Amino acid sequence: MNSDHELTQLRHRVAVLERSETRYRNIFESSPISLWEEDWSAVKQHLDRLLATGVELDEYLRHHVDDVVACVSLVRILDVNRATLELCGAANKEQLLGALSVVFTEHSLDTFRRELVALASGATSYEEETIICTLLGEERNVMFRVVISADSERTWEQCFVSIVDITDRKRAEEALRLSKEETIQAQREMLARLSAPVIPISDDVIVMPFIGRLDQTRMQQALGVLLEEVQRLRVTTAILDVTGVPEIDGEATQGLIQAAQAVKLLGAQVVLTGIRPEIAQRLVALGSDLDQLVTRGTLQTGIAFAMQGDRKRR
């Protein structure tokens with residue numbers, strides 16, 4: 001009688017275990033996230049042998065990539081779910097069960113090295129963004145996570161790996177970053193043009209008035225705008241007016257001379273107006289060739305000079 005009762009209980013426990021196993025397998029297979037069941041016991045044994053020699057594991061693996069690759073080959077893949085097949089572009093499980101290295105890239109190998117160091121130091125899980133390669137040769141950005149089963153923390157016989165494809169998110173982030181950079185660059189260009197606007201006086205003459213402090217950075221921005229407009233409008237004279245600039249240092253003065261030289265290379269001439277005694281002194285002190293730089297005391301006289309030349313050319 002007792003034996004019949006024990007047999008009934010045993011059958012009940014077996015049925016419960018079978019239902020639990022079936023439920024687990026259904027969850028495993030139907031999960032939308034790539035799941036891998038793996039045996040890392042051989043990996044642990046290899047790392048234990050290395051650590052027994054007294055090496056500092058992180059430093060050692062950085063200089064012995066062959067040992068990292070060896071650990072990859074020691075991972076035994078027990079099972080993968082359908083989402084893994086879709087992620088990796090595999091037709092069947094056999095294509096992935098053979099070796100983990102089929103989806104590894106240089107990035108994922110680095111991730112695996114850091115993962116080995118973390119687990120060997122006592123961690124029971126590790127997570128990091130990395131890149132894998134599908135069987136079709138397509139790289140995918142993923143969030144990789146490995147967890148050692150609570151029943152195998154001493155042996156690493158059962159490890160669960162989850163891989164979440166974040167490629168679309170990373171592409172969206174990169175597109176947003178590029179968009180921000182383009183916006184910032186456009187704003188910089190707009191500010192540069194606003195800080196040094198170009199005003200057409202005639203078909204052949206433009207004026208670039210400066211107002212406020214003129215340092216080397218602003219001078220470089222202005223020079224870029226000036227050269228673009230000289231080339232675009234095909235002008236023969238560019239007037240740089242510094243009447244509204246309270247002070248000009250030596251670098252900015254040198255920048256004005258460089259502007260004149262650059263504009264001359266494009267076949268046009270620079271007229272510098274609003275010259276005050278201290279600016280004139282700096283120009284002389286620099287010992288520059290002033291023959292190529294026409295100066296006038298006021299913007300009005302500078303425009304008159306440029307327009308007179310314009311009429312002569314016509």
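Bear in mind the structure is a predicted one, so any value in this text is a computation, not a measurement.
More than 12 heavy-atom neighbours from other residues, nucleotides or ligands sit within 6.0 angstrom of CZ on Arg145. Within a 6.0 Å sphere centred on CD of Glu181, other residues, nucleotides and ligands contribute more than 12 heavy atoms. For Glu129, the CD atom counts as densely surrounded, since its 6.0 Å shell holds more than 12 non-hydrogen atoms of other residues, nucleotides or ligands.
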Which is it for Arg171 and Glu174 under the salt bridge (charged side-chain N to carboxylate O under 4.0 Å, His left out) test, yes or no, and what are the steps along the way?
CA-CA 5 Å; Arg171 287 174 179 170; Glu174 179 64 12; over 6 Å; no

Could you check Val263 against Leu227 for side chain to side chain contact (heavy atoms under 4.5 Å, CB included), going step by step and ending with a plain yes or no?
CA-CA 6 Å; Val263 169; Leu227 295 180; 4.0 Å; yes

Tell me, with the steps shown, if Thr273 and Thr301 meet side chain to side chain contact (heavy atoms under 4.5 Å, CB included).
CA-CA 8 Å; Thr273 63; Thr301 57; 5.6 Å; no

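Annotation for Leu35 and Ser162: closest pair CD2-CB, 3.8 Å, computed over non-hydrogen atoms. Taking every heavy atom of both residues into account, Ala262 and Leu223 meet most closely at CB-CD1, 4.2 Å. The nearest pair of heavy atoms linking Leu51 to Ala120 is CD1-CB, 4.3 Å. Across all non-hydrogen atoms, the minimal contact from Ile148 to Ala123 is CD1-O, 4.1 Å. When all heavy atoms of Thr134 and Leu87 are compared, the closest pair comes out as CG2-O, 3.3 Å. Pairing each heavy atom of Thr84 with each of Leu96, the nearest pair is CG2-CD1, 3.6 Å.
Formation of a donor-acceptor pair under 3.5 Å by the Asp39 side chain with backbone atoms of Leu78 is not found in this model.
Each ring pair (Phe, Tyr, Trp, His ring centres under 6.0 Å) pair with one or both residues in residues 128-182, not counting sequence neighbours, would appear here, but there are none.
At a threshold of 4.0 Å, the pair Arg177-Glu173 does not count as salt-bridged, since none of the basic side-chain nitrogens sits closer than that to a carboxylate oxygen. A salt bridge does not link Arg82 with Glu86: none of the charged nitrogens is closer than 4.0 Å to a carboxylate oxygen.
One hydrophobic cluster, built from ILVMFWY side chains closer than 4.5 Å, cannot hold both Val65 and Ile131; they sit in different ones.
Glu128 is linked by a side-chain contact (heavy atoms from CB on, under 4.5 Å) to Thr111, Arg114, Tyr126, counting only residues two or more places apart in sequence or in another chain.
Ser152 and Thr155 share no side-chain donor-acceptor pair at under 3.5 Å.
Ring geometry, Phe104 versus Phe112: the interplanar angle exceeds 60°, so the pair is classed perpendicular (tilted spans 30 to 60°).
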